[in-house]
Each structure stands twice: as C-alpha cells, then as structure tokens.
Number of protein chains: 2
Amino acid sequence: MSTAEETTGGEVEPWEEVTPDAARRLLVAAVEAFAERGYHATTTRDIAGRAGMSPAALYIHYKTKEELLHRISRIGHDRALDILRTAARGEGSARERLADAVSSFVRWHAGRRTTARVVQYELDALGPEARAEIVALRRQVDAEVRGIIEDGVASGEFDVLDVKGTTLAVLSLCIDVARWFDVNGPRTPEEVGALYADLVLRMVGAEPARPQDGAPAYR
Amino acid sequence: MSTAEETTGGEVEPWEEVTPDAARRLLVAAVEAFAERGYHATTTRDIAGRAGMSPAALYIHYKTKEELLHRISRIGHDRALDILRTAARGEGSARERLADAVSSFVRWHAGRRTTARVVQYELDALGPEARAEIVALRRQVDAEVRGIIEDGVASGEFDVLDVKGTTLAVLSLCIDVARWFDVNGPRTPEEVGALYADLVLRMVGAEPARPQDGAPAYR
DNA sequence: GCCGACGGTGAGCGAGCGCTTAGCGTAGCC
DNA sequence: GGCTACGCTAAGCGCTCGCTCACCGTCGGC
C-alpha cells in the first residue's frame with residue numbers, strides 16, 4: 001500500500017512517456033483493440049480509426065503493427081516489474097512485503113485490465129527477438145516474488161515446501177485476474193487485491209491476518 | 001483420485017466421439033493449430049494441411065472454421081465439467097473432494113494442455129449464441145467447486161470468509177495452468193496437481209495434508 | 001457393366017489484410 | 001511572400017484469407 005498513486009482510481013495514465021501526442025493516441029487505441037479482440041483479430045484500420053486517423057497515419061509513428069505491440073508489451077512489463085520491485089524492496093517483514101506485492105500487482109491487473117490483458121496474453125504474437133527481451137523481464141518478475149518467499153522461509157514466517165512451484169502459483173493467480181476481471185462486476189480492484197493477498201498468505205503458511213476489528217469482511 | 005483412467009499417461013483420446021474419421025483428424029489438427037497460434041492466426045489451409053487434406057476438404061465436414069472451434073470448445077467443456085462432477089460428487093470429506101477436484105482438474109489442464117488452451121482462451125472468438133452456450137457450461141463448473149467449498153464451510157472443515165471469491169480464485173489458479181505449463185518443463189502434470197491441491201487446501205484453511213512422517217507440522 | 005452416393009481435389013472468387021506512395025495543408029523561419 | 005519540414009490523407013498494391021464450385025475416383029447395389 002506504499003504505492004498509493006498507483007492504485008486504480010485517479011491513476012496516472014501510464015502512457016505519458018509516449019511522446020508525440022498522435023503516437024500516444026494510436027498506442028492507447030491499439031491497447032484497447034488488442035485487449036478486446038486479440039492482436040491477430042485487430043486490423044491496422046481499426047486502430048487508426050479509434051485514434052481518429054486514416055490507416056496510413058499509423059505508419060508515420062510505427063514501422064509495423066508488431067512494433068506497436070512490442071512497445072505496449074515493453075512498457076507494460078516495465079510497469080509490472082516496477083510495482084513488484086517497490087513492494088519487494090520495501091521495509092517490513094516478508095509477510096507484509098508479500099501481501100503488499102500481491103495486492104498491488106492484482107490491483108494493477110484488475111484496474112488496468114486492458115493493458116494487462118495485452119501484456120500477459122499476446123506474448124507469442126511477438127517475433128523471436130522481441131519475445132526474448134520480454135521473457136527476460138518476466139524472469140525478473142519471477143525473481144522478485146521468489147525473493148520475498150525465500151526471505152519468509154528463511155525467517156520462519158512462511159512454511160513452504162516447494163518455493164519455485166509456489167512462486168509460480170502466486171504469479172499465476174495474480175496474472176489470471178486480467179482474464180476474468182470485469183470492470184462492471186461486483187468487485188473493485190482493491191477488494192480483489194485484499195482478498196488475494198489473504199489467500200496468498202495462506203498459501204505460504206503465514207499466520208492469517210485478521211487484524212482490524214470490524215474488518216470489511218466480504219459478505 | 002477416483003478417475004484413474006483420466007490421468008495423463010495412457011489417457012483415452014477424448015475425440016473418439018467425433019465420428020467420421022476424416023472429421024476427427026481435422027478436429028485434432030485444429031486443436032493443435034489453435035493452441036499453437038490462436039484461432040485468428042490459424043488458417044483453414046493450415047488445419048487441412050496438418051490433417052493431410054486439401055483446403056476444400058474441411059468444408060465437407062464443417063460449415064465454417066468457427067464451427068470447428070465450437071465443437072472443440074463444447075467437447076472440452078463437457079470433459080472439464082465431467083472431471084469436476086466426478087470429484088465433487090464422490091464420497092469422502094469436503095477436504096478430500098476438493099483435493100481430488102483440484103488435482104484432477106489441474107492434471108487435465110497440464111496433460112491435455114493443447115485442448116485446455118483452446119477451451120480456456122479462445123472463448124471470445126465464438127459468436128454470441130455459441131458463446132452463450134459455453135458460458136452456461138462454465139457457470140456449472142463454477143457451481144461444482146463452490147458446492148464443495150460450501151460443504152466444507154458448513155462442516156467446519158474449511159475457514160473461508162468469501163466463498164464466491166475463493167471459488168473464483170481456485171478455478172482461476174487451475175485454469176491458468178494451461179497458459180504456463182510446459183510439456184518439456186521439469187514438472188509432470190501429476191506433480192503440479194498434487195502441489196496445487198495442497199495450495200488450495202491451504203487457501204480454504206483446511207488442515208495441511210503432510211502425508212510423510214517426519215514432516216515439519218507447524219501448528 | 002452401369003449408376004448414384006460419397007468423400008475428396010484444383011482452381012479460383014470476392015473481400016479484406018498490412019503496408020506504400022504521391023500529394024496536400026499548415027506552421028515556422030527567413 | 002516564398003520556402004521547407006512535417007503530419008496526415010486518398011488511393012491502391014500485392015497478397016492471403018475464408019469459402020465455393022465444377023469435377024473426379026472409388027465402391028456397393030443391381
């Protein structure tokens with residue numbers, strides 16, 4: 001919860017780093033289209049149309065349709081890694097850092113679901129060299145989570161038999177949020193983040209957290 | 001693990017119900033192609049080629065490419081539901097039935113990964129009416145798992161605050177196996193199934209299993 | 001031996017794809 | 001005002017897509 005400005009509500013639009021304004025509009029349009037229909041089912045005409053431009057305008061700012069996906073995937077993975085690093089390297093016990101990592105990672109997957117969907121599910125649409133770059137980032141993501149769990153095992157806070165397998169399961173659980181989360185559904189990203197942090201603490205054998213009196217308690 | 005014949009090793013090929021032999025070959029080819037590259041990136045020429053036929057042969061057995069996906073999705077969801085029903089309606093405590101359900105469901109997602117990938121991730125490529133049919137099956141899948149968890153809560157075996165949310169998380173965890181499982185990776189489907197059954201029992205607050213003597217046994 | 005049914009092929013249709021190119025309007029500098 | 005640089009468009013190229021159609025070989029019934 002240290003990363004308050006990164007929650008969903010009044011979040012900073014994460015595409016401000018994409019500098020010519022027209023290029024950013026095209027990229028945002030591509031994120032929406034890719035998330036909605038998938039990379040291969042999205043046409044360059046659709047992307048340009050959503051950005052209010054003619055089909056040819058896309059090629060002034062991006063060499064190919066795949067370069068668009070690559071930029072999106074790269075920026076998205078940087079963001080995801082940043083979120084986990086902030087939590088993993090914060091102060092506090094392994095328990096607190098794991099809960100923080102899971103809840104903020106889940107909040108991102110739920111609140112920025114369109115981006116997360118593209119980032120997590122359109123990986124094999126990239127060419128070999130671009131995919132290799134992204135896979136390297138994903139290994140760093142895995143390492144951050146594994147690091148927290150190893151800390152917790154070393155300090156005796158966690159009880160985990162298979163650290164690598166549990167790391168995989170924790171990340172898997174968080175990532176799949178991007179598949180099923182519904183913006184118009186009954187749960188807010190914050191609620192899902194809190195629920196998942198609790199479930200993950202149970203998975204690693206940490207003592208359950210029920211600290212607050214009168215805690216919200218999802219019905 | 002009552003469903004011994006359904007494990008991965010010498011499993012029954014689940015497409016025997018697809019009756020003209022050529023139609024089955026086409027369908028199996030389509031499953032492989034869809035799993036590898038996604039529905040939209042797969043061409044009818046590729047499917048027919050994998051089945052050793054000319055592109056036109058596909059249309060003798062299926063009206064459209066989408067009908068192929070529909071048949072695959074329908075049969076796959078029937079199978080997944082059958083696996084969960086067998087576990088959910090078996091004898092034994094809620095603890096045993098939940099462990100059985102998770103481990104067999106996970107074994108299916110890992111061992112029949114190509115099928116599971118198509119079934120779980122190509123849902124929105126279906127048209128509205130076909131998708132509605134499949135969504136109804138998915139609601140039944142959800143109900144089976146929720147039923148076991150409710151039983152466990154009622155009997156005091158489980159400690160769960162948010163039954164619907166936990167059900168969602170359990171299914172989410174199992175389904176995502178189809179995304180990351182690698183046939184050439186270090187884990188067998190059976191190992192992942194056992195690991196995940198243990199993790200899920202922890203998630204619902206059931207006493208850990210620890211069959212081996214000399215196990216650490218926290219609390 | 002002839003015939004119809006059936007499962008298959010080769011060629012190709014209209015459409016839509018990713019992407020290119022020639023040219024245009026405008027803003028900024030002199 | 002004259003000129004260049006730049007962002008953008010209209011038109012369209014070459015290609016591949018899902019799908020169709022005219023035709024063909026084989027095989028069981030008579």
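A note on names: the letters A, B, ... follow the listed sequences, proteins ahead of strands, and every chain is numbered from 1. Hydrogens, waters and symmetry mates are skipped; everything else that's a heavy atom, side chains included, is used.
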Determine whether Glu133(B) and Leu126(B) satisfy the following criterion, side-chain contact (heavy atoms from CB on, under 4.5 Å), listing intermediate values before the conclusion.
CA-CA 10 Å; Glu133(B) 178 197 327; Leu126(B) 289 171; over 6 Å; no
For a side-chain hydrogen bond (donor to acceptor under 3.5 Å, both in side chains) check, start with the C-alpha distance between Arg179(A) and Gln120(A), then their side-chain angles and the critical distance, and finish with the verdict.
CA-CA 9 Å; Arg179(A) 183 182 57 85; Gln120(A) 302 293 2; over 6 Å; no
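Using cut-offs of 30° and 60° on the angle between ring planes, the pair His109(A) and Phe105(A) is perpendicular.
When the C1' atom of dC6(D) is taken as reference, atom CE of Met53(A) falls 13 Å away, rounded to whole Å. One atom, CG of Leu68(A), and another, C1' of dC19(C), lie 13 Å apart when rounded to the nearest Å. Straight-line distance from the CZ atom of Arg24(A) to the C1' atom of dG7(D): 16 Å, rounded to whole Å. The distance from atom CG of Asp21(B) to atom C1' of dG8(C) is 14 Å, rounded to the nearest whole Å. Rounded to a whole Å, the CD1 atom of Ile60(A) is 15 Å from the P atom of dA22(C). Note: CG (Leu26(A)) to C1' (dG18(C)) measures 15 Å, nearest angstrom.
A salt bridge does not link Arg138(A) with Asp142(A): every distance from a Lys NZ or Arg NE/NH1/NH2 to an Asp or Glu carboxylate oxygen is 4.0 Å or more. At a threshold of 4.0 Å, the pair Asp100(B)-Arg97(B) does not count as salt-bridged, since none of the basic side-chain nitrogens sits closer than that to a carboxylate oxygen.
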What does the B/S/- profile of nucleotides 12-21 of chain D look like, 5' to 3', with a 4.0 Å heavy-atom cutoff to protein?
B----BBBBB
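Within a 6.0 Å radius of CD in Glu91(A), no more than 12 heavy atoms belonging to other residues, nucleotides or ligands are found.
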